[in-house]
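A short worksheet on the structure shown next.
Note that this is a predicted model, so its numbers are computed, not measured.
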Amino acid sequence: MTLFRKLVILFSVVILGTLSATLTIVYIKSRQSIIDLSKEKAVSIVQTIDSALLSDVPDYQFESVLLNLKRQNPDLVSFDIYKLNDFLYDIASTDPHRIGSQAAPSSTIALGERKILTSIQGSTIDLVVPLTGYAGMQYSANVRLSIASDLASLKGLLTDILVAGGCALLAAVACAWLFTRQVLSKPLQSMMDAANEIAAGNFSVTLDASRRKDELGSLARGFERMARSLQQLVSQMGETAEELYSDFKQLIENGDYTAHGALHMADVLQHVRDGIERVMANVRQLDGQMAEAAAHGETARRNRAAEPDFEPMQRTVSRLMEDLNQVMRDLDGLSTTARGQLSAVQQVNRTAGRLSERASELHQLMASFEV
């Protein structure tokens, strides 16, 4: 269920509840007012009889008085006057068949407590009023009034209110439907569509609600600013990612170069070791040849016959020089390799520094986005 439908239903329920509560209160208060007015009316009728009792009107004349009161008051259902003479008995009534009958217990209670008793049965109201006549004679007036016409008028009034309230409810629901759809639902729906566009990668969103001057307009303008900020953030993150990719690629290449340089250095060191071993062997051979030459020289001095042969020593010296030259070349290669490795390590350090800077920038971007 959409939001504007929920709002319409809520608005309708509130109006319907308010209308029901209003009708209930009007009915209760109006019915109580009708009852109070009927009581006052009955009391005013009884006061007419009370004046006649105090003037010592004969009992047989009360019947004509009661019938006259009934003709004047259409709502008067019955009126009975009971006189206390050992017991309460009816001396006058709008219904001749009840004359001479004994009063109900409520009349005795009203006389004993000297207060008016009221009871309601359907659309009629009964009042029992204790009276004091001429020479202190005790009487009880039982009045029954009909409030059916007043209740019918009240029901008609409530019906009119209900019809008017129903029409107002329909008009209010229609207005609420249009209001929530145009003022709330459509702007929120457009924002939801814009959010889906942003999720799909389209940050160039424009909302019609941004031209409004209310809270929804402020929300729409804030939404557009958020979209632009997200676009800038994604662009900066893309640039940072490209720089990181380039730096990582260069770092990997420098690492490969360093590894190859280390392997080459190991080979050069092995060649140097082999050259040194050859030099040592030639030195030992030269040492032996020199010892042999020295021995020949000693023999020649004694015999003065043969001259020493220095040609083997020359060859040995020549080989020794060649080996030394090879060792020098290997050492030169080793130095070149070491310089290359130093340069690669320095380049790795610079690349690592740039990576650290890019990571710091990316962290700051993410922190600003979270804020």
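- Leu117 has its side chain out of reach of Leu127: every pair of non-hydrogen atoms, C-beta onward, lies at least 4.5 Å apart.
- Every residue two or more places apart in sequence or in another chain was checked for a salt bridge (Lys or Arg N to Asp or Glu O under 4.0 Å) with Asp150, and none qualifies.
- Residues satisfying the side chain to side chain contact (heavy atoms under 4.5 Å, CB included) criterion with Ile15, sequence neighbours excluded, are Phe11, Leu169, Ala172.
- Here the CG-OG distance, from Asp80 to Ser107, works out to 8.5 Å after rounding to the nearest 0.5 Å.
- The distance from atom CD1 of Ile91 to atom CD1 of Ile81, rounded to the nearest 0.5 Å, is 6.0 Å.
- Side-chain contact between Leu145 and Lys39 is absent, with no heavy-atom pair separated by less than 4.5 Å.
- Linking Ile, Leu, Val, Met, Phe, Trp and Tyr residues whenever their side-chain heavy atoms come within less than 4.5 Å leaves Ile125 and Leu37 in two separate clusters.
- Scored by the side chain to side chain contact (heavy atoms under 4.5 Å, CB included) test, Tyr27 finds Arg31, Leu154, Leu158 as partners (sequence neighbours excluded).
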Next item on the list: Show your reasoning for whether side chain to side chain contact (heavy atoms under 4.5 Å, CB included) applies to Leu23 and Leu162.
Entry: CA-CA 8 Å; Leu23 290 175; Leu162 182 60; 3.5 Å; yes

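- A continuous path of ILVMFWY side-chain contacts below 4.5 Å connects Val143 to Tyr89, so both sit in one hydrophobic cluster.
- Hydrophobic clustering (side-chain heavy atoms under 4.5 Å, transitive across Ile, Leu, Val, Met, Phe, Trp, Tyr) groups Val46 together with Tyr139.
- Between Lys83 and Asp90, no side-chain nitrogen of the basic residue sits less than 4.0 Å from a carboxylate oxygen of the acidic one, so the salt-bridge criterion is not met.
- With rounding to the nearest 0.5 angstrom, the CD1 atom of Ile28 is 11.5 Å from the OG atom of Ser33.
- Side-chain heavy atoms closer than 4.5 Å link hydrophobic residues (I, L, V, M, F, W, Y) into clusters, and following such links, even through other members, never connects Val128 to Ile120.
- Contacts of Asp95 classified as side chain to side chain donor-acceptor pair (under 3.5 Å), with partners at least two apart in sequence or in another chain: His97, Arg98.
- Every pair tested for salt bridge (charged side-chain N to carboxylate O under 4.0 Å, His left out) that includes a residue from residues 15-28 fails, sequence neighbours excluded, so the list is empty.
- In this structure, Val129 and Ser140 have side chains that are not in contact, with every pair of non-hydrogen atoms separated by 4.5 Å or more.
- The hydrophobic cluster containing Ile35 also contains Val43, counting ILVMFWY residues as joined when their side-chain heavy atoms lie under 4.5 angstrom apart, directly or transitively.
- There is no side-chain donor-acceptor pair under 3.5 Å between Asp36 and Ser38.
- Taking every heavy atom of both residues into account, Asp75 and Ser149 meet most closely at OD1-OG, 3.7 Å.
- For the pair Phe79/Ile45, a side-chain contact is recorded, criterion being any heavy-atom separation below 4.5 Å from C-beta on.
- A donor-acceptor pair under 3.5 Å is formed between the side chain of Asn73 and the backbone N or O of Leu69.
- Through direct or relayed side-chain contacts under 4.5 Å between Ile, Leu, Val, Met, Phe, Trp and Tyr, Leu67 connects to no other residue.
- Here Lys70 pairs with Leu76, Thr94 under the side chain to side chain contact (heavy atoms under 4.5 Å, CB included) rule; sequence neighbours left out.
- Checked against side chain to side chain donor-acceptor pair (under 3.5 Å), Asp160 has no partners two or more places apart in sequence or in another chain.
- Residue pairs meeting the side chain to side chain donor-acceptor pair (under 3.5 Å) criterion with at least one member in residues 114-130, sequence neighbours excluded, are Glu113-Lys115, Arg114-Thr132, Arg114-Gln138, Asp126-Arg144.
- Taking a 4.5 Å side-chain heavy-atom cut-off between Ile, Leu, Val, Met, Phe, Trp and Tyr, the cluster of Val14 extends to Leu10.
- By the side chain to side chain contact (heavy atoms under 4.5 Å, CB included) test, Ile99 pairs with Glu63, Ser93, sequence neighbours left out.
- The hydrophobic cluster containing Leu84 also includes Tyr82, Leu88, Leu111, under a criterion of side-chain heavy atoms closer than 4.5 Å among ILVMFWY residues, counted directly or through chains of members.
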